[in-house]
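Below is one structure; the comments refer to it alone.
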Amino acid sequence: MLGQRRDPPRGQHRRHGLRCRGAGVVRVVGHDAAAGRCDPHRYTGRRGPHDGGGPRGGGDRRNRRAHEPGGECMSVRVRFAPSPTGFLHVGAARTALYNYLFARAEGGVFILRSDDTDTARSSQEYQDDILEHLRWLGLEWDEGYGLGGPGTFRQSDRYERYAQVAAELVESGAAYYSFVTPDQLDQFKQDARTAGTSPAYDGSLEPEPAEAGRRQSEGESAVVRFRVPRPGETVFTDVVRGDMRFEHAQVDDFVILRSDGRPTYHLASTVDDVDYGITHVIRGEDLLSSTPKHILLTEAMGGVPATYAHLSLLMGPDGKKLSKRHGDTAMAAYREAGYLPEAVNNYLALLGWSASEDDDDVVSMADMIARFDLGALSRNPAVFDTKKLDWMNGVYIRNLDDEAFVAMTLPDLERSLGRSLSAEEVERFRDLVPLVKERTKVLPEVSEQVLFLFRPLDGYDEASWEKVMETPEAAVALDGAIEALTDLDPWTTEAIDGALRDMLESEGLSARKGLQPLRVAVSGSTVSPPLFESLEVLGRDETIARLRAARAELA
RNA sequence: GCCCCCAUCGUCCAGCGGCCUAGGACUCCGCCCUUUCAAGGCGGCAACGGGGAUUCGAAUUCCCCUGGGGGCACCA
């Protein structure tokens, strides 16, 4: 019996028959099986007949996906199943996010699985990276890898189970031992190509059953292939793409078990989806054309296919599929570059979904959950453009409270400084936080802005110096400031402000002409946080010293 | 080559037959505010790929073309 699972994950699943039925339907030509679904008004996708979601306005979007309890549906179970063959990248993170949002929106379960059947390319380092960054993003999973409990949710631990399923499929005739050689297959595909026909392998190169049985029992190396019923077709309704139809003539008799006994992705992934009771498979569009294989496999196992939702892919600025050559695609790079997880989530959510009701597109995780609607996701591929991410990160940074901001930026500041800040210095830094915050897009910029306050100047920015120091007003301003500030007491922003403005007036200088030289003298650049506050934090002695040094440089 | 998906400003999204002289966000450009840089305010540039068809009426429906993307492994 195929439906049995020997490694049931935490939380027993109902019998398949009780599950909310997916939209997958296999049919032999001429037979149109009805796709019973527990709620025809949900997840029909935009391509389906309009469900009459009510008049626009009045929050009908919410009503459309409101969950009706008490139905026959078992609760939603989704999974994010990355292969640990690389660091968590932004595209995968978006897939994880949408899975997470859907689970939370439906009161369902979010599962993390490790699809590590590619033993050659998988590594623990990648696996760790994926976990770490999912956690960093706050996409906590309810079941799965790394949480303990029954089941490891790691496919490399379940080879026996997959082999067992494969054996049962062979037993039932749904699959067979295949002896075609790679060369033969190449030739087959080559011929199909020149003939302009479908290159899908149909098993026609296999030996007679009797001979196959003999060779198999003699221990000849063989793979197990799934026998795709031909003619026939698989139709299903994709939640984001609508009704899909794939003729089986286009589908290979695909390998499910390698000659070394290990499963392929199709087998392992499908078995797991059945065993773990996955109700909705939300994944990248690159798997769309593999879906018939998964549905066929599921049904051959006696399972009920999940509902599928295929997300559009992320592209680089050149319109090609996002990859390393487009620059940073690893989540780690964004974390290190000083992006906040909230901003990353928000931005990623926007790539393919109109996540916010507000004009500025800023939306909290809670609101995203409240609004999430699988059927409303865009079908267009989206270009990953960091410009908007930068802006959005600035928004989130500005919204940080001062304490959090200090906590997040202090380590980098101290690292740049090469020493730790005294308690008194931290206080001074804190005083400047409101000013610095609104000038920051990514965290490391903070150090750049305030470093001059905590260490001696290491020279002046050349362009800045030329621009404001090589003017007739510079010396006047510096002399005037030195005089105005030398005996200033108290040394506060207000007092400095007053003293310097008096100086400007008596010297007949505009603020621009008179203050910029001071800024360069003190900070080394024409770009810095507000001057008076900066001077207060710098302290009188250091301020005067820097003004004198610049003045000397002028002479 | 075969199969599949997609097609609104530079980018993301809205638009679900009349409310569209197409809306918002980011970017960019002006102006205002201002001691610099930001932030903020105001304003501007900027799109329905092409062709047919249906309809009184199409960005919205259908077909074709073109363009872009994905898949066609003992990778996932």
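Only this structure's heavy atoms are used, side chains among them; waters, hydrogens and symmetry mates stay out. Protein chains get the first letters and strands the later ones, always in sequence-line order, with residue 1 at the start of each. Owing to the predicted nature of the structure, the values given are computational and were not obtained by experimental measurement.
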For RNA chain B, which residues of residues 281-288 of chain A approach it to below 4.0 angstrom with any heavy atom?
Glu285(A), Asp286(A), Leu287(A), Leu288(A)
Whole-Å gap separating P (C72(B)) and CG (Asp186(A)):
14 Å
Going by an N to O cut-off under 4.0 Å, is there a salt bridge joining Asp390(A) and Lys387(A)?
no
Tell me whether the rings of Phe405(A) and Phe429(A) are parallel (<30°), tilted (30 to 60°) or perpendicular (>60°).
tilted
Decide yes or no for Arg325(A) and Lys320(A): does some side-chain heavy atom of the first lie under 4.5 Å from some side-chain heavy atom of the second?
yes
Classify the nucleic acid contact of His266(A) as base, sugar-phosphate or nothing, counting any heavy atom under 4.0 Å across all strands shown.
base
Who passes side-chain contact (heavy atoms from CB on, under 4.5 Å) against Ser534(A), sequence neighbours left out?
Phe452(A), Leu453(A), Pro529(A)
Can you list, by residue number, the residues of residues 83-94 of chain A that have a non-hydrogen atom closer than 4.0 angstrom to RNA chain B?
Ser83(A)
Geometric cation-pi criterion, Arg113(A) with Tyr145(A): 6.0 Å, 45°
no
Pick the P atom in U66(B) and in C74(B), then give their distance to the nearest Å.
32 Å
Partners meeting salt bridge (Lys or Arg N to Asp or Glu O under 4.0 Å) with Arg262(A) (sequence neighbours left out):
Asp260(A)
Mind checking side-chain hydrogen bond (donor to acceptor under 3.5 Å, both in side chains) for Asp191(A) and listing every partner two or more places apart, or none if nothing turns up?
Gln187(A)
If only side-chain N and O atoms of Arg398(A) are considered, is one of them under 4.0 Å from the OP1 or OP2 phosphate oxygen of G40(B)?
yes
If you look at every strand shown and take non-hydrogen atoms under 4.0 Å, does Lys189(A) touch a base, only sugar-phosphate, or nothing?
sugar-phosphate
Base, sugar-phosphate alone, or nothing: which one does Lys321(A) contact when heavy atoms must sit under 4.0 Å apart?
sugar-phosphate
Salt bridge present between Arg230(A) and Glu247(A) (N-O < 4.0 angstrom):
no
Same-atom distance (P) from G43(B) to G24(B), integer angstrom
10 Å
Excluding sequence neighbours, so at least two apart, what forms ring-ring contact (aromatic ring centres under 6.0 Å, His included) with His294(A)?
Tyr265(A), His266(A)
If the plane angle is over 60° it's perpendicular, under 30° parallel, otherwise tilted; pick one for Trp465(A) and Tyr460(A).
tilted
Would you say C6(B) has OP1 or OP2 under 4.0 Å from some side-chain N or O of Arg379(A)?
yes
5'-most by nearest nucleotide on RNA chain B - Arg193(A) or Ala382(A)
Arg193(A)
Please work out if Pro381(A) contacts a base, only the sugar-phosphate, or nothing of the nucleic acid, heavy-atom cut-off 4.0 Å.
sugar-phosphate
Value in whole Å for how far the P atom of C2(B) lies from CD of Gln190(A)
14 Å
Any chance you could list the contact pattern along nucleotides 24-36 of chain B? Use B for base contacts, S for sugar-phosphate-only contacts and - for none, protein heavy atoms under 4.0 Å, 5' to 3'.
BBSS-------BB
Got a sec, which residues hit salt bridge (Lys or Arg N to Asp or Glu O under 4.0 Å) with Asp385(A), two or more places apart in sequence or on another chain?
none
With no hydrogens and no angle check, just 3.5 Å: does a side-chain donor-acceptor pair link Asp243(A) and Thr237(A)?
yes
Within this structure, what is the CD-to-P distance between Gln155(A) and C74(B), rounded to whole angstrom?
18 Å
A38(B) and A76(B), which share atom name P, separated by this distance in whole Å:
50 Å
Between Arg241(A) (CZ) and G70(B) (C1'), how many Å, whole number?
9 Å
Using a strict 4.0 Å threshold on nitrogen-to-oxygen distance, state whether Glu233(A) and Arg245(A) make a salt bridge.
yes
Are the ring centres of Tyr347(A) and Phe384(A) closer than 6.0 Å?
yes
Looking only at N and O atoms, is any donor in the side chain of Ser259(A) or the base of C74(B) less than 3.5 Å from an acceptor on the other one?
yes
Distance, rounded to the nearest Å, where Gln250(A) contributes CD and G1(B) contributes C1'
11 Å
Run the ring-centre check on Tyr396(A) versus Tyr339(A) and record whether the distance is less than 6.0 Å.
no
Would you please name every residue forming a salt bridge (Lys or Arg N to Asp or Glu O under 4.0 Å) with Asp116(A), sequence neighbours left out?
none
Nearest whole Å is fine: how far is G68(B) P from Asp318(A) CG?
12 Å
Gap in Å between the two P atoms, one belonging to C48(B) and one to C12(B), rounded
16 Å
When the P atoms of G49(B) and G10(B) are considered, how many whole Å apart are they?
11 Å
Counting the atoms with a prime plus P, OP1 and OP2 as sugar-phosphate, which does Met392(A) contact under 4.0 Å by heavy atoms, base, sugar-phosphate, or nothing?
nothing
Under a 3.5 Å cut-off for both distances, is A53(B) Watson-Crick or wobble paired, and to whom?
U61(B)
Quick one, His89(A) with Ser323(A), criterion side-chain hydrogen bond (donor to acceptor under 3.5 Å, both in side chains). Give me CA distance, side-chain angles, the key distance, then yes/no.
CA-CA 9 Å; His89(A) 62 93; Ser323(A) 69; over 6 Å; no
Reading 5' to 3' through nucleotides 44-50 of chain B, protein heavy-atom contacts under 4.0 Å coded B for base, S for sugar-phosphate only, - for none
-------
Tell me the side chain to side chain donor-acceptor pair (under 3.5 Å) pairs involving residues 441-450 of chain A, sequence neighbours left out?
Asp412(A)-Ser447(A), Thr440(A)-Gln449(A)
In whole Å, measure the gap between the C1' atoms of G70(B) and C62(B) for me.
25 Å
Using atom P of each nucleotide, how far apart are C26(B) and C42(B) to the nearest Å?
12 Å
Please measure how far the C1' atom in U60(B) lies from the corresponding atom in A39(B), and state the result in whole Å.
39 Å
Rounded distance in Å - CG (Leu400(A)) to C1' (A39(B))
16 Å
Take atom CG of Leu351(A) and atom P of G69(B), then tell me their distance rounded to the nearest Å.
17 Å
So what does Ser356(A) touch, heavy atoms closer than 4.0 Å: a base, only the sugar-phosphate, or nothing?
nothing
Does a side-chain N or O of Asn380(A) approach OP1 or OP2 of A7(B) to a distance below 4.0 Å, or not?
yes
By a strict heavy-atom criterion of less than 4.0 Å, which residues belonging to residues 251-258 of chain A are in contact with RNA chain B?
Asp252(A), Val255(A), Arg258(A)
With a 4.0 Å cut-off on heavy atoms, is Val383(A) in touch with a base, just the backbone sugar-phosphate, or nothing at all?
sugar-phosphate
